[in-house]
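Input: a single structure, listed below in structure tokens.
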Amino acid sequence: MSASLVAVSLENWTWESEGLLALMSEREIKALRLFGSKQELAASLVGFTLAKSLIRFRYHTEGELVRRPGGKPCLNASDWKGDFSVSHSSGLVVVAICPDGPIGVDVERVRPVMEEMIPECLSPGERRAWRDAGTDEERRAMFFRFWTLKEAYLKYTGGSIGEASLRELDFSGSRPGGEGPDSPAGSLSVPAWIGSGGGHTPRMAHHALEGGYSLAVCGAQSCEAPEWLTLPKPAPRKPREAGKRFSAGSVFRKVPGLWSSFFS
């Protein structure tokens, strides 16, 4: 089976109308250590429940979401040898799944960058390419291209931004084309310094998405360009009676069919 790369815009998302917590056990919620604002928590829940549903309906495997000792989320199931990765930024959630090896994904909204970050985050070769870019817009796009490639690679290896020296990761030599003319859109050549640890030669890709997003993926398999899931616009809400509280049933009733409707 092939890898999956799925993107969901939260433009039409309403926090109270979709109780994704109903798709997760209390133990999973505790293990994933979810935190942040309502919007950040919603994005995390969308990502994790989408990953769990994709693995269930597309790869026919069920299990429990846990964190590995290094902190990376994974699915605990005896018959699952694959991996998944989740990322979100400014209302866009991306999930990557590989059924037979590791994978990492990162998405970022392209935005202005403090110049002090350039020597901290970019290798000498990347800094030269960044300086040679013609416009500020091109420099911003290039910075987040390098940044997302670094983070996707670190997620692939099971590392984290906090543990790595970003300057030592050099993607200035990555070129479009991947493994050849039949490579999926967005495929990149893999830098020579990246080995084939764990028996897998990683595949890398980068996509500049509509809306000003930079997306990178690194995995044991190549991914096609992301498939987009569109959430329906919420129906108008009926006014609540004063003092009436939501029950678990009223908030979560429709949720079990939310992702299954896309994949079943």
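In this structure the side chain of Ile103 reaches within 4.5 angstrom of the side chain of Cys223, judged on heavy atoms. The closest side-chain heavy-atom distance from Leu65 to Asn76 is not below 4.5 Å. The shortest side-chain heavy-atom distance between Tyr156 and Leu154 does not fall under the 4.5 Å cut-off. The side-chain heavy atoms of Tyr213 and Glu108, taken from C-beta on, include no pair separated by under 4.5 Å. In this structure, Ser222 and Met204 have side chains that are not in contact, with every pair of non-hydrogen atoms separated by 4.5 Å or more. In this structure the side chain of Leu5 never reaches within 4.5 angstrom of the side chain of Glu224, judged on heavy atoms. Side-chain contact between His206 and Leu215: absent, with no pair of heavy atoms (C-beta onward) separated by less than 4.5 Å. The shortest distance between side-chain heavy atoms of Lys155 and Cys218 does not fall below 4.5 Å.
Legend: salt bridge (Lys or Arg N to Asp or Glu O under 4.0 Å) pairs involving residues 128-137, not counting sequence neighbours, sorted by first then second residue: Asp136-Arg139.
With rounding to the nearest 0.5 angstrom, the OG atom of Ser44 is 11.5 Å from the CD atom of Gln39. The distance from the CE atom of Met24 to the CG atom of Leu32 is 4.5 Å, given to the nearest 0.5 Å. The CD1 atom of Ile118 lies 4.5 Å from the CH2 atom of Trp130; values are rounded to the nearest 0.5 Å. Here CD1 of Ile55 is found 11.0 Å from CD of Glu62. Values are rounded to the nearest 0.5 Å. For the atom pair CD (Glu210) and OG (Ser9), the distance works out to 10.0 Å, reported to the nearest 0.5 Å.
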(message) What verdict does the side-chain contact (heavy atoms from CB on, under 4.5 Å) test give for Leu169 and Phe146, after you've listed the backbone C-alpha separation in whole Å, the side-chain angles of each residue and the deciding distance to 0.1 Å?
(response) CA-CA 9 Å; Leu169 306 178; Phe146 290 143; over 6 Å; no
List the steps and the verdict of side-chain contact (heavy atoms from CB on, under 4.5 Å) for Thr148 and Val217.
-> CA-CA 8 Å; Thr148 54; Val217 60; over 6 Å; no
Q | Evaluation steps, side-chain contact (heavy atoms from CB on, under 4.5 Å), between Ser174 and Arg145 | A | CA-CA 11 Å; Ser174 294; Arg145 176 177 179 271; 4.3 Å; yes
| message | Run Val95 and Leu54 through side-chain contact (heavy atoms from CB on, under 4.5 Å) and show every step you take. | response | CA-CA 9 Å; Val95 174; Leu54 271 168; 4.1 Å; yes
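For Arg127, the salt bridge (Lys or Arg N to Asp or Glu O under 4.0 Å) criterion is met by no residue, not counting sequence neighbours. Residues satisfying the side-chain contact (heavy atoms from CB on, under 4.5 Å) criterion with Ala7, sequence neighbours excluded, are Leu92, Val94, Pro226, Trp228. Among residues two or more places apart in sequence or in another chain, the salt bridge (Lys or Arg N to Asp or Glu O under 4.0 Å) test is passed with Arg68 by Asp83.
Distance alone, capped at 3.5 Å, places no donor-acceptor pair between the Thr61 side chain and the Arg56 backbone. The main-chain N or O of Gly158 is never found under 3.5 Å from a side-chain atom of Lys72 such that the two would form a donor-acceptor pair. Without hydrogens or angle criteria, Ser53 side chain to Leu50 main chain gives no donor-acceptor distance under 3.5 Å. Checked by atom type and distance alone, the side chain of Arg67 pairs as donor or acceptor with a backbone atom of Gly71 at under 3.5 Å. Judged purely by atom type and a 3.5 angstrom limit, Arg27 has no side-chain atom pairing as donor or acceptor with the backbone of Ser25. Side chain of Gln221 to main chain of Ala3: a donor-acceptor pair is present (N/O by atom type, distance under 3.5 Å, no hydrogens or angles).
Under the 4.5 Å side-chain contact rule for hydrophobic residues, Val113 and Met142 share a cluster. Under the 4.5 Å side-chain heavy-atom criterion for Ile, Leu, Val, Met, Phe, Trp and Tyr, Val105 and Leu229 are members of distinct hydrophobic clusters. Hydrophobic clustering (side-chain heavy atoms under 4.5 Å, transitive across Ile, Leu, Val, Met, Phe, Trp, Tyr) groups Leu45 together with Ile97. Residues Val190 and Leu166 fall within the same hydrophobic cluster, defined by Ile, Leu, Val, Met, Phe, Trp and Tyr side chains chained together at heavy-atom separations under 4.5 Å. Note on Leu75: it clusters hydrophobically with Val46, by side-chain heavy-atom contacts below 4.5 Å among ILVMFWY residues.
Judged purely by distance below 3.5 Å, without hydrogens or angles, the side chains of Tyr59 and Ser4 pair a donor atom with an acceptor atom.
Under a 4.5 Å side-chain heavy-atom cut-off, the cluster of Ile, Leu, Val, Met, Phe, Trp and Tyr residues that includes Val66 has no other member.
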Distance-only check: which donor-acceptor pairs under 3.5 Å involve side-chain atoms of residues 119-126, not counting sequence neighbours?
from, atom 1, to, atom 2, distance (Å)
Ser123, OG, Glu126, N, 3.2
Ser123, OG, Glu126, OE1, 3.4
Ser123, OG, Asp170, OD1, 2.8
Glu126, OE1, Ser123, N, 2.8
Glu126, OE1, Lys150, NZ, 2.8
Glu126, OE2, Lys150, NZ, 3.4
Glu126, OE2, Phe171, N, 2.8

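Of all heavy-atom pairs spanning His207 and Ala205, the tightest one is NE2-CB, 4.1 Å. Considering every non-hydrogen atom in both Gly101 and Ala220, the closest pair reads CA-CB, 3.9 Å. The nearest pair of heavy atoms linking Ala216 to Leu149 is CB-N, 3.6 Å.
Salt bridge Arg33/Glu28: absent, no basic N to carboxylate O contact under 4.0 Å.
Applying the side chain to side chain contact (heavy atoms under 4.5 Å, CB included) test between Val110 and each of Ser90, Ser214, Ser89 identifies Ser214 as the sole match.
Heavy-atom contacts from other residues, nucleotides or ligands closer than 6.0 Å to CD of Glu11 number 12 or fewer.
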